[in-house]
Each structure stands twice: as structure tokens, then as C-alpha cells.
Amino acid sequence: LKKGKHTGSAQSIYSAPDNLQYIVTNAPELGILRSLGIVKNACIHKMMTHRLGGPVLIKVDSSEIAIGKDIAEKIMVRG
Amino acid sequence: LKGLAGCHELNEDKKVFEKADKILLMGNPNVGKSVFFSSLTGINVISSNYAGTTVSYTEGTIKLDDKTYTLIDVPGTYSLEATSEAEAVAVRFMDSNPLAVICVLDATNLERNIKLGLELQKYNVPIVYALNLVDVAKRHGNEINVSLLSKELGAPVIPTIAVKGEGLKELKGELQKILSSSNQGCSNCSSCPGCDGNQQNPWDRAKEIAAKVRINADGKLSFLDRLGNSMLKPWPGIPIAILIIVLSLGAIVGGGKALRAVLLLPLVNKLLVPVFKTLFASILPEGILLNVLIGEYGIFVIGFEWIIALIFPYVMLFYVVFSFLEDSGVLPRLSVLFDNIMRKMGIQGGSMITILMGYGCAVPAIIGSRTATTKKERLIISTVVCFAVPCISQTGALISLFAGFSPILLLLMLLLSLAVMMIVSSILSRTLKGTVDPMVIEIPNLLMPNGKAFLRKLAIRMKHFLVEAELPMFISVVIAAVLKETGILSYIAVYLEPIVSGWLGLPKDAVIALILGIVRREMAVAPLLAIEGLTALQAFVGGTVAMLYLPCLSVFGILTKEFNTKVAVTIGVSTAVSAFVVAGLINQIAHLFI
């Protein structure tokens, strides 16, 4: 897997380019996100963002997770 | 709309925590726990809600050698941090001194599942791990060193493919062993390798273990795996989703018609009704009482016709299809594909599952809306279902009504229903206080459901439906019979004629539909079928009134029970008003052009 090209620069997982690996720099304090392993410093793979305000599809370890736009915009990542 | 909290009158069983012979079945959501449960337990299953929450658990008995234990299917959780109701219930069960725990691990999501497995070890209860979905993991290119995993966890690990029943015998054997040994879990023995990482953060420890035990192998994705992946992308996901919806509807509507024609109508018309007619006619004199019992709309006539021949086949087939979509992992994929539309309506993709359920019957959909994370979302979903989602019996009746005209009418009705749904949802999301949480869902593997677990779920659903709807159905049958057979109906009809004939442009006989529509949704359509010479416009206007009209008595009952009377009355009045306004406008505007 390739690494994100915008090394170092923080961006939300919602707008980050597809099919790349990212490190979470900041995630909202939500029980469900913590349970799914989407926490600070977690390594996640972004698959795609659905159009028209749809969810982001990511992979954490080997599980696929869909995250609604409003939360995904608050999950900050770096490449 | 305050006081939403209302009272959840759920079946509660406080004693379940005190039971001494408890074995807990635990694991992450979507790991196939219910398949283990139905394979391990006998026929007697109780499904209840844990007091004060919307979380339900299922309880059954498991036999090991000649001893019987209580097996509890604890709600699936990702962790034991008590951040949600389900997790709080799981913690409470772990604290209640269970004899043993069967922890189901998903081999395709090792890290997170091992993490829960490690958290469970802190409770000092003997655990046996079932490593499920090993076949899917293998296809994904991951084999797992089971003996190493067992060593790392310090507890037995049995590889299983629960949907095919593989590994269940071994699991029972291992469970038997840990129950009969005096060893009280791993925390008591300092030499146990499972305790090495006790001081470490469970996440880090889980990742470490997962990395150690996972062996990369050549995986070959099956057709279902590839289908599951492609259903997550708009192309070809959306066309596949539409195809699935069309096929599902076809199976329900077509299958329902076939069941009615071949089995149920002959049963009702040739056996049940004649038997009761003969019986009552022989013991009662002719008159109103006899008519109320066995007249054209008599209790023992429409009671059988509606409940057995009209409602039952569609409800059953709907649950057959719905449970299949649910157990196969199709529904979360639909949620992902349609989350953008749902988000614009002020709700989120996950609620689509509940709304789809409403196309069967609003009663289970309103109960199912308990899974919504906020009260606001729960109220929006329930209202939308009452306003714009025709139940399966009504859909059947609408299809029959439009059959004589162009299929375009049916398409227009569908578009109208979707438009009303979006408008109602958008208005409510802007006016109601509170918030709606955005979607966060884990997407399960697509798989073929297990027959036994599927049938068990279907049986529980049908039982729930009958228990919830039995009384209101019977009451509505009695009201309809009394109104019609005593002549009260035609007396009321006179007053409603200006609205029916003037504003809506319907023949005056349609009044009956409006009155019976209060009782049952499909009865707002059925009387229209009997009217001769109905124009396409009249059929569409009549169908519109019926679809938007009051939810039936059972729905009114469940709204009162799940929310409160105020919510039920508000929804009832606003649906009735919107039905007359929208249908009347359609009629008046159409007349400007004709």
C-alpha cells in the first residue's frame, strides 16, 4: 500500500485522497469510534468517499467501516 | 413534542442475572453469534429486553452431557467500556457470576475481536474462544495459527464455520471441559501465558497477538466476497441494490398472491367461514347479532379473511425476505449507498433498514426504531413510516387497484410516497429539538445465511407480530363488523359525502373506505376495488388518500406504547389532514387540465 502523499499536512479523512494509508491525528471523542479503533495515532486505510455528501469508506486493520460525512470531516489524518 | 421518553413497557427479566447456571455467549456485533446460539440451544427460546433499556438478549437452554445450563446471547459489543446501553448490559452480565463464557472471535477482524477477548479475561470467568469465519479469512488471504492464538490467550480456541455447523461439537466438548475443571479462569494462575500482557493496553496487546498468529496465505475471493465489495461502490452497487429491491418486492407480492390463491383463500372460504356460518346459524335467530357474527362483514368472516388470508401471507413473506437480506449482510450495504440521500432528509443511512421494515408493517418498524441512537431520530423514523410508507397489505391492495389501469399509476404512487417521505423528514429534522448522530457502521461480510438461525429468527418475528398485533386486529375486526352490519356506517357516510364527492371527486361509496381505513390500512383501498366504473384519476386519488391516511389501529397502539398518546394523536391527525389536502389538490389540479 502506498503512503499518503501530503506527508505531514493535516486534513480530514473526508477530503483526503482515496486508496491511501493515513495516521489519525485527531478524532472526535465518541464511544463507537473508540470501539472500532479509530483513535489518535491509529493507522487507517481510506478506500473512497461517496458522492453527494455520502459516507467515507475506510479500513481499520481488516474491518471495513462506513463513516457519515459529518463525523468523517472531524477525523483529521496525515499521510 | 415533549415527553418523548415515555415508558418502554418491555418484557423484563431481572432474575436472569441471579441464575446460577448461566453461560454467556459474547462477541463483537456481526460475528455470527446468533448462529451459534440457535445451533447450541434447544427449542425453548425467550427473547426479552433488559429492564430500562432498548437492548434485548435471548435466552435458551444448552445441554452438555446430561446437565442443562442457561445460555444467554448477550448483545454484541465492541468493548466493555459501557459507552452504550448494549455494553452496559454486557458488563452487567459479566459481573453476575456466569459459569463460563463462549467468546466468538471473527477471524476476518482479529485485532478488534482479540481486544474484546482480552477485556473479558479481567472478569475471572473461564472462557472458551470460538474463532469463527475461518473460511472467509482464508479466502481473504489470512490463515490463523490456532494453537499459537490459544497459547497467547491462555484459553482454548476452537476454529469454527458456524453457518455450516463446523467446529460446534468441538466447542461443546471444550466448554464441557472448562466447566468440569476447578480452574477459575486464567487470572488466578501466575504462570499462565495469557496473563503476560495484563498490564499492557488491550489494543496494543491485541495487535501484537494478531500479528503473531496471522499467516499470510494465497486467498481467492469467492463470488460473494467480490459481490460484497462491489456493492459498496455506487457502480455497480446502486443497480445491484435496485435489482435486489425489485426481486424482493416480486417475491413478496407474487408469493403472497400465490399463497392466497392456492392455500389460504380456499382454507378460509371453503372451510373456516362455512363451518362458523353453519354453527352460528344453527344456534342463533336471524337478526343483527347473527349478522355481526357471520354477515358479509361479520367478525367470523372478515376476521378470517383479513387476518389469515390477507395479512398473514404478506407479513410472513416480508419477514422471510427481510430476514434473509439482514442475515446475509445486504442491508448495511444499502445503508452505505443511500446514506447521502438519507442525510439530506435529516436522518442517516443506518435508519434505512428500519424504514424498509416499515414496508412490511409499521408496528415492527416503530419497535425497531429503538436502534436509533437519539430520540429525535427515532421520532422522525416513526413519523415517516406512518406518513409515507404503505404496509405490505396495503401495497398488495394498491397493486390490485391499479391493475386495471396503466402501471404508470403505480410508479407515480411510489414517487409520491418518496416525495412525502423526504418532505416530512426534512421538516421534522429542522423543527424537532435534539440531534441525529451521523452514520458509523461496520460492514459485515456478505454470506449465505444459516438455515436454522434464519428459521429461528423468522419464528421469533412472527410470534412478536402476532403478540403485538393480535388484540388490535381483533378489535378492528369487531368495530368494522358492528359499523357495517348494524347500518351505522351508511348513517355516518352522509356527513362525509361533501369531502368525498366534492373535494376528492370520488363516488360516494368510497366513504366506507375512509371509515374502515381508520381500522386497517389496506381497508382504505379494498372497498375501492368493488366500485365499478372508477376512472384512473379517481383510482389514483383514492390510492393517495389511502396511502397517506391514518396509520391503522395497531400502529396507533404501538405509537402510544413506544412514545405516548400525544405523539400518537399528533401523527394521526396530521396524516389524516395531509391525506385529504394532498389527494384533494391532485384531484382539483387534474380537473383544471381535463
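In what follows, every chain begins at residue 1, and chains take the letters A, B, ... in the order their sequences are listed. Predicted model, so just to flag it, every value in this text is computed and none were measured.
With respect to chain B, the highest number of heavy-atom pairs below 4.5 Å among A/Gly53, A/Gly31, A/Ala42, A/Gly37 belongs to A/Gly53. Counting heavy-atom pairs under 4.5 Å between each of B/Ile441, B/Thr373, B/Asp106, B/Ile341 and chain A puts B/Ile441 at the top. Listed options A/Ile67, A/Leu57, A/Val60, A/Ile65 were ranked by heavy-atom pairs under 4.5 angstrom with chain B; first place goes to A/Ile65. With respect to chain A, the highest number of heavy-atom pairs below 4.5 Å among B/Lys233, B/Lys344, B/Lys207, B/Met439 belongs to B/Met439.
No hydrogens or angles considered: nothing links the side chains of A/Arg34 and B/Ser79 as a donor-acceptor pair under 3.5 Å.
Residue A/Ile32 touches chain B through its side chain alone, counting heavy-atom pairs closer than 4.5 Å. Heavy-atom distances place the backbone of B/Leu110, and not its side chain, under 4.5 Å from chain A. Only the backbone of A/Arg51 comes within contact range of chain B, judged by heavy atoms closer than 4.5 Å. The contact between A/Leu33 and chain B is made entirely by side chain atoms (from C-beta outward), counting heavy-atom distances below 4.5 Å. Heavy atoms closer than 4.5 Å to chain A are found in the side chain of B/Glu81, but not in its backbone.
Between B/Leu118 and B/Ile114 the shortest side-chain heavy-atom distance falls below 4.5 Å. For the pair B/Asp437/B/Glu377, no side-chain contact is recorded, criterion being any heavy-atom separation below 4.5 Å from C-beta on.
Looking only at distances, no side-chain donor or acceptor of B/Asn113 sits under 3.5 Å from a matching main-chain atom of B/Leu105. In this structure, the side chain of B/Tyr129 engages the main chain of B/Gly117 through a donor-acceptor pair within 3.5 Å.
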- Kindly determine whether B/Asn109 and B/Asn28 satisfy side-chain contact (heavy atoms from CB on, under 4.5 Å), including the steps that lead there. CA-CA 10 Å; B/Asn109 284 310; B/Asn28 277 200; 5.8 Å; no
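Taking a cutoff of 4.0 Å between a charged side-chain nitrogen and a carboxylate oxygen, B/Glu111 and B/Lys115 do not qualify as a salt bridge.
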